[in-house]
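The structure appears below as structure tokens.
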Amino acid sequence: MTKVFLKRKIANRIFNGHPWIFLNEVEKINGNVNAGDIVDIYYADEKFCGRGYINPKSQIIVRLLTRKNEAIDASFFYKKIEQAWQYRQKIGYTENCRLIFGEADELPALIIDKFNDYFVIQTLAYGIDIWKPAIVEALQKLFSPKGIYERNDVPVRELEGLPQLKGFLSAAFDTNIVIKENGLQFYVDIENGQKTGYFLDQQDNRRAIKQIVKNANVLGAFTYTGTFEIHAAHYGAKSVLGLDISANAVAQANKNAELNGLAHICKFEAMNAFDVLKIWAKEEKKYDVVMLDPPAFTKSRENIQKAITGYKEINLRGMKLIENGGFLVTSSCTNLVQPDLFLQTIEMAAKDARKKIKQVVFNAQASDHPIIWGLDNTNYLKFLIVEVRDK
Ligand code: SAH
């Protein structure tokens with residue numbers, strides 16, 4: 001096995017369990033390596049650190065798979081996936097769940113979403129991509145699924161020297177499926193939907209709006225396929241309008257409203273939410289509840305300030321649209337904007353909007369996406385409900 005030696009002064013991060021090793025943390029490599037090879041990592045004092053996969057083309061040169069001296073083979077991946085499944089079952093996620101959440105499940109760069117009998121996979125680094133056959137075999141053995149699909153049409157793969165692609169990893173199947181969530185039904189377009197087709201990370205937060213939407217006029221922005229909005233209608237909202245810039249998402253959202261018999265309450269329109277929030281705030285339109293769930297605003301540290309400005313702006317406008325005593329339901333999935341910073345941003349927005357806010361709920365993502373302390377990017381979703389009053 002090729003040995004990779006770390007520099008003497010490395011970040012505590014690695015000692016403390018973080019699985020990434022950056023190019024500039026490596027002192028020397030004993031032997032030739034190809035992308036995807038399994039290598040052994042040693043500290044500068046020659047003590048064993050762990051075993052992982054290497055990609056000399058990537059800034060993250062090694063991602064550790066284990067701290068033990070154990071074989072990395074098909075049965076390793078089977079065991080890891082089985083463990084992750086047992087954990088999901090233990091904490092109550094069985095029908096739909098994120099089965100593998102990458103680093104949080106000690107399978108760096110691997111995502112597997114389970115939509116009942118269907119599985120959607122992303123392999124986002126070279127060294128995990130080559131294990132795809134073993135991963136598929138493990139899913140076949142554990143679940144006998146109706147279908148497995150890969151959504152590797154993700155730009156981040158190019159940093160690893162991997163092509164973007166999508167397609168079947170099992171016999172072909174109809175990729176338009178229906179899943180159940182909180183007693184409602186939703187179409188999921190596995191082939192052409194965003195990310196893996198559906199945002200499972202908000203599955204518990206969608207229930208958190210139950211009380212505050214009763215008899216409310218609700219505005220949702222960045223609705224995707226309308227899941228929050230359809231929950232609102234189901235929980236007793238008087239009217240719900242959802243906005244998304246994607247015409248496909250809006251079409252799917254309207255179909256979802258119909259599927260649940262809520263099309264008379266819930267309407268969706270294709271609009272740019274940034275523009276609309278600005279105009280409607282000026283026009284002094286009012287809603288009892290405003291819900292915002294925008295896409296990530298940045299993936300790079302240089303742009304954090306821009307992301308914060310973006311959050312401040314949409315939340316300020318959202319608050320202005322709320323009746324005195326109404327509620328703002330607001331989310332952020334930008335992992336570089338950590339929870340404290342997000343709350344500070346909402347506080348600034350309230351100040352500028354001249355509103356008093358009261359925290360009702362503050363959550364992260366659903367627990368099938370485990371948060372690992374020390375792995376900051378596993379703590380990525382912020383979900384906040386505040387009551388909003390005039391000052
Ligand atoms: N709330 C959804 C997920 C939203 S994902 C759920 O729980 O399923 C973010 C959505 O914002 C995407 O559907 C994307 O199409 C949409 N979006 C991005 N930019 C937008 C804009 N300027 N105006 C409106 N929607 C936008």
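Not measured: the values here are computed from a predicted model.
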With a 6.0 Å cut-off (strictly less than), is the heavy-atom count around [atom1] of [X], excluding the residue itself, greater than 12?
{"X": "E284", "atom1": "CD", "result": "no"}
{"X": "K195", "atom1": "NZ", "result": "no"}
{"X": "D45", "atom1": "CG", "result": "yes"}
{"X": "E95", "atom1": "CD", "result": "yes"}
{"X": "K391", "atom1": "NZ", "result": "yes"}
{"X": "K214", "atom1": "NZ", "result": "yes"}
{"X": "K132", "atom1": "NZ", "result": "yes"}
{"X": "Q89", "atom1": "CD", "result": "yes"}

Practice item. Walk me through it: do R354 and D352 pass the test salt bridge (Lys or Arg N to Asp or Glu O under 4.0 Å)? Key: CA-CA 5 Å; R354 306 185 51 75; D352 286 9; over 6 Å; no
Practice item. Evaluate the ring-ring contact (aromatic ring centres under 6.0 Å, His included) criterion for residues F186 and H231: first the C-alpha distance (whole Å), next the side-chain angles of each, then the deciding distance (0.1 Å), finally the verdict. Key: CA-CA 11 Å; F186 297 100; H231 276 75; 5.7 Å; yes
Check your understanding: Quick one: does T378's side chain have a donor or acceptor within less than 3.5 Å of a partner on L375's backbone?
Key ->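 Answer holds: yes.
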Point to revise | Qualifying residue for side-chain contact (heavy atoms from CB on, under 4.5 Å) with F119, from L142, T196, I100, L99 | key: L99
Output field: ring centroids [X]/[Y] closer than 6.0 Å:
{"X": "Y43", "Y": "F48", "value": "no"}
{"X": "W85", "Y": "F143", "value": "yes"}
{"X": "F274", "Y": "F222", "value": "yes"}

Exercise for review: Take V178 and F115 through the side-chain contact (heavy atoms from CB on, under 4.5 Å) test and state the conclusion after the steps.
Suggested key: CA-CA 9 Å; V178 174; F115 298 118; over 6 Å; no
Linking I/L/V/M/F/W/Y whenever their side-chain heavy atoms sit closer than 4.5 Å, directly or via other members, would [X] and [Y] fall into one cluster?
{"X": "V39", "Y": "L6", "value": "yes"}
{"X": "V289", "Y": "I322", "value": "no"}
{"X": "V120", "Y": "V188", "value": "yes"}
{"X": "V33", "Y": "I61", "value": "yes"}
{"X": "M319", "Y": "V276", "value": "yes"}

Review point. If you round to the nearest 0.5 Å, how far is CZ of R151 from OG1 of T175?
Key: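 Interatomic distance, T175 OG1 to R151 CZ, rounded to 0.5 Å: 9.5 Å.
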Exercise for review: Quick one: pull up CD in Q365 and SG in C333 and give me the separation to the nearest 0.5 Å.
Suggested key: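 Going from CD on Q365 over to SG on C333, the span is 10.5 Å.
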List for me each residue that meets side-chain hydrogen bond (donor to acceptor under 3.5 Å, both in side chains) alongside [X], sequence neighbours excluded, and say none if there are none.
{"X": "E313", "answer": "R317"}
{"X": "Y235", "answer": "none"}
{"X": "K146", "answer": "D117"}
{"X": "E387", "answer": "R389"}

Exercise for review: Compute both the distance and the angle, then confirm whether K141 meets the cation-pi test with Y78: under 6.0 Å from the six-membered ring centre, within 45 degrees of the axis.
Suggested key: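 Satisfied, under 6.0 Å and within 45°.
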Practice item. May I ask you to check if R206 and F228 form a cation-pi contact, with NZ or CZ under 6.0 angstrom from the six-membered ring centre and within 45° of the axis? Key: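 Yes; both conditions hold, so R206 lies above the ring face of F228.
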Residues [X] and [Y]: side-chain donor-acceptor under 3.5 angstrom:
{"X": "E181", "Y": "T227", "value": "no"}
{"X": "D340", "Y": "Q338", "value": "no"}
{"X": "N96", "Y": "Y198", "value": "no"}
{"X": "Y93", "Y": "D204", "value": "yes"}
{"X": "S246", "Y": "N248", "value": "no"}

Review point. Does the pair L241 and E269 meet the rule for a side-chain contact (heavy atoms from CB on, under 4.5 Å), with working shown?
Key: CA-CA 8 Å; L241 173 61; E269 286 174 32; 3.9 Å; yes
Does any non-hydrogen side-chain atom of [Y] lie less than 4.5 Å from one of [X]?
{"X": "I54", "Y": "T2", "answer": "no"}
{"X": "T330", "Y": "I346", "answer": "yes"}
{"X": "L321", "Y": "L219", "answer": "yes"}

Exercise for review: Before giving the answer on ring-ring contact (aromatic ring centres under 6.0 Å, His included), spell out for F383 and F362 the whole-Å C-alpha distance, their side-chain angles and the decisive distance to 0.1 Å.
Suggested key: CA-CA 6 Å; F383 173 83; F362 187 46; 8.9 Å; no
Exercise for review: Could you give me the CA-CA distance, side-chain angles and deciding distance for T123 and N152, then say whether side-chain hydrogen bond (donor to acceptor under 3.5 Å, both in side chains) is met?
Suggested key: CA-CA 7 Å; T123 45; N152 273 327; 2.9 Å; yes
Check your understanding: Can you list the residues that meet the salt bridge (Lys or Arg N to Asp or Glu O under 4.0 Å) rule with K320, with sequence neighbours excluded?
Key -> none
Point to revise | CA sep, side-chain torsions, deciding dist, call: D368, Q203, side-chain hydrogen bond (donor to acceptor under 3.5 Å, both in side chains) | key: CA-CA 10 Å; D368 57 342; Q203 59 181 312; 2.9 Å; yes
Practice item. Dump the intermediate steps for side-chain hydrogen bond (donor to acceptor under 3.5 Å, both in side chains) on D105 and Y87, then the final yes or no. Key: CA-CA 10 Å; D105 286 296; Y87 179 71; over 6 Å; no
Name the atoms and distances for all side-chain donor-acceptor pairs under 3.5 Å in residues 161-174, with sequence neighbours left out.
from : atom 1 : to   : atom 2 : distance (Å)
Q164 : OE1    : V154 : N      : 3.3
Q164 : NE2    : E158 : OE2    : 3.0
K166 : NZ     : E191 : O      : 2.9
K166 : NZ     : N192 : OD1    : 3.0
S170 : OG     : I148 : N      : 2.9
S170 : OG     : I148 : O      : 3.4
D174 : OD1    : N176 : N      : 3.0

Check your understanding: Is there a side-chain hydrogen bond (donor to acceptor under 3.5 Å, both in side chains) between Y311 and S332 once you walk through the steps?
Key -> CA-CA 8 Å; Y311 284 120; S332 157; 3.0 Å; yes
